[in-house]
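Report on the following structure.
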Amino acid sequence: MPLDTTTFHNVINGELTSTAYTRHSLNPATKKQNPNVPISREEDLNAAVDAAKTAFKTWSRTTYDERRKACLAYADSLEENKDALAALLTQEQGKPLDQSAVEVGMAIKWTRELPTIEIPENVLQDKDDVKIVQRYTPLGVCAAIVPWNFPVLLAIGKMIPAVYTGNAVIVKPSPFTPYCALKLAELAIPHFPPGVIQALSGGDDLGPMITEQPGIDKISFTGSTATGKRVMASASKTLKRVTLELGGNDAAIICDDVDIDKVIPNLAILSFLTSSQICMMIKRLYVHSKIYDEFLKKFVAFVSNFKTGPGTQEGIFIGPVQNAMQYEKAKNLFESIKLENLTAALGGTITDSEGYFIEPTIIDNPPENSRVVQEEPFAPILPVLKWHDEDDVVSRANASDTALAASVWSPDLERASGIASQLHGGSVWINSHFEVSPFAPFGGHKSSGIGVEWGLSGLLGYMNSQSVWTRKG
Ligand code: NAD
């Protein structure tokens with residue numbers, strides 16, 4: 001049966017449930033209302049936590065093999081519904097349909113591949129009189145708090161690690177993008193026992209309600225640095241474990257020996273994908289002064305060919321920004337172009353339209369202290385900056401409080417590695433950016449986060465370490 005993408009429910013204890021009050025978000029391309037979704041109250045959350053605790057008792061005792069099988073069967077259901085999910089993602093998030101299909105495809109891949117990672121038992125010592133083994137046990141009830149920019153992959157990227165390691169999980173999507181996450185939980189119903197995967201939609205009060213709930217053992221949060229601090233403060237009251245994936249202001253350093261024509265398409269896509277609303281997009285592009293003028297000219301020419309418009313239309317690369325709040329924030333940042341006397345090599349203004357559309361904008365060598373360099377825009381505006389001294393560009397790249405990721409671009413791999421090895425960030429790439437894998441831990445340094453998701457280290461974030469001592473004889 002085709003997936004119904006017109007009615008939306010919470011998923012509690014294996015059932016689709018409704019609430020007395022509902023809300024809706026807007027399609028960012030048209031500002032038309034999307035369907036109604038539940039507004040969860042405290043009793044809904046408490047019911048989900050109770051069901052999760054009950055489910056945990058038996059789910060935590062199943063084998064990795066059993067959980068892997070459940071994840072694989074679930075992945076097949078996601079695959080069967082991938083087109084409907086991609087269309088729904090474009091309707092709620094705004095990103096072009098082909099980018100939605102990529103995100104859904106990644107979510108399916110992550111669902112299949114994360115559970116192939118073996119959780120080890122480490123024999124630390126095995127002597128005549130004593131054996132010490134380090135093993136890992138699940139935490140209990142996890143909450144997955146998800147932002148609006150990558151709502152499918154980031155929900156799955158928390159749900160699967162949680163349940164594969166033996167926990168129960170409650171997914172809380174952003175109020176701006178609740179639709180796909182509710183369907184992800186609905187599609188999980190036939191594959192997992194009731195209470196193992198649940199989802200609650202709500203208003204702005206639901207996140208804080210979750211972090212205060214004493215029955216929840218872990219919060220995996222992805223969102224802004226400001227909210228991350230609130231999550232950690234609230235979680236500290238009951239010593240919940242936290243993983244925080246927060247904001248970034250990624251630098252890319254382009255050396256003078258690059259093949260300009262070859263790197264420009266990659267750099268342009270990796271700066272403007274999803275209207276630059278990705279934590280790990282290139283947000284500061286440092287170009288060597290020897291090639292700066294030619295680079296900027298060709299970069300502007302390439303980006304000016306990106307088509308802006310509704311994500312449902314063929315050939316669109318720049319969809320709308322996701323919501324009114326983000327649109328207003330972008331307008332405020334664009335005002336700094338005039339106020340700070342910056343030069344826009346492309347774009348530079350926002351014209352009101354039917355949706356929250358912003359044409360890509362490139363700022364030509366703004367001062368390091370300008371807002372567009374210092375802030376994470378989360379909108380299609382990119383500063384391109386000149387550099388000529390390696391030590392200087394490294395210190396400018398590292399000057400940010402955030403340190404999510406960074407990249408260096410040069411065919412001279414030794415030179416590039418030398419620069420890369422000095423950069424702050426949870427991910428550093430040479431000749432690429434925003435590459436992710438279910439097997440590679442992903443997280444931020446400094447104010448970009450605490451802990452990692454994915455890879456063995458990410459999975460262990462959903463587990464306690466236990467040292468088991470056996471005295472022999
Ligand atoms: P946000 O912090 O406003 O919201 C994220 C989620 O937290 C939403 O589900 C929201 O409802 C919930 N929330 C809000 N207040 C809360 C509270 N007090 N307690 C608990 N939950 C609360 O972030 P956003 O605007 O949705 O996302 C954009 C930000 O996320 C950007 O800064 C971006 O860089 C960052 N981000 C980081 C990563 C990463 O992996 N590091 C990935 C994607 C986005």
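Counting from 1, the numbers follow the sequence of the chain as shown. Counting starts at 1 for both ligands and their atoms, in listed order. Keep in mind the model is a prediction, meaning the values are calculated, not measured.
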Nearest heavy atom to atom 41 (N) of ligand 1: which of V452, I219, L246 does it belong to? L246
Parallel, tilted or perpendicular for Y356 and Y327, by the 30°/60° rule? tilted
So is D204 polar-close to ligand 1, meaning N/O to N/O under 3.5 Å? no
Under 3.5 Å between any N/O of V146 and any N/O of ligand 1: does that happen in this structure? yes
Per-atom filter on ligand 1: closer than 4.0 angstrom to a heavy atom of L404 are 41 (N)
Which one of N149, I145, T225 has a non-hydrogen atom at the shortest distance from atom 12 (C) of ligand 1? I145
Identified side chain to side chain contact (heavy atoms under 4.5 Å, CB included) counterpart of K218 within the set N167, V242, T243: T243
When the ring centroid of W409 is compared with that of Y286, is the distance short of 6.0 Å? no
Hey, are K158 and E245 close enough for a salt bridge, meaning a charged N less than 4.0 Å from a carboxylate O? no
Can you check whether L153's main-chain N or O pairs, donor with acceptor, with E103's side chain at less than 3.5 Å? yes
Does the N or O separation between G223 and ligand 1 drop below 3.5 Å for any pair? yes
Considering only non-hydrogen protein atoms, determine which one is nearest to atom 38 (C) of ligand 1 and report residue, atom name and distance to 0.1 Å. C279 SG, 3.0 Å
Would you mind checking which non-hydrogen protein atom is closest to atom 21 (N) of ligand 1, with the distance to 0.1 Å? G207 CA, 3.4 Å
Please confirm whether F378 comes under 4.0 Å of ligand 1, counting heavy atoms of the residue only. yes
Determine whether a donor-acceptor pair (N or O, by modelled atom type, separation under 3.5 Å) exists between the side chain of S201 and the backbone of P38. yes
How does L154 reach ligand 1, by side chain, by backbone, by both or by neither, if only non-hydrogen atoms under 4.0 Å count? side chain
Which of the listed options, M280, K329, M325, K172, holds the heavy atom that is closest to atom 11 (O) of ligand 1? K172
Salt bridge D44-R41, side-chain N to carboxylate O under 4.0 Å: yes
Below the 3.5 angstrom mark, is there an N/O of V231, backbone or side chain, next to an N/O of ligand 1? no
So the atoms of ligand 1 within less than 4.0 Å of a heavy atom of S224 turn out to be 1 (P), 2 (O), 23 (O), 29 (C), 30 (O), 32 (O)
Using a strict 4.0 Å cut-off to heavy atoms of P175, name the atoms of ligand 1 that fall inside it. 11 (O)
Side chains of T238 and K240: is there a donor and an acceptor less than 3.5 Å apart? yes
Would you say the ring centers of F442 and W454 fall short of 6.0 Å from each other? yes
Can you confirm whether something in the protein, heavy atoms only, sits under 4.0 Å from atom 4 (O) of ligand 1? no
In a check of side chain to side chain contact (heavy atoms under 4.5 Å, CB included) between D250 and each of E376, R284, H433, which one passes? H433
Run down the list T222, T211, T227, I278 and name the one with the heavy atom closest to atom 13 (N) of ligand 1. T227
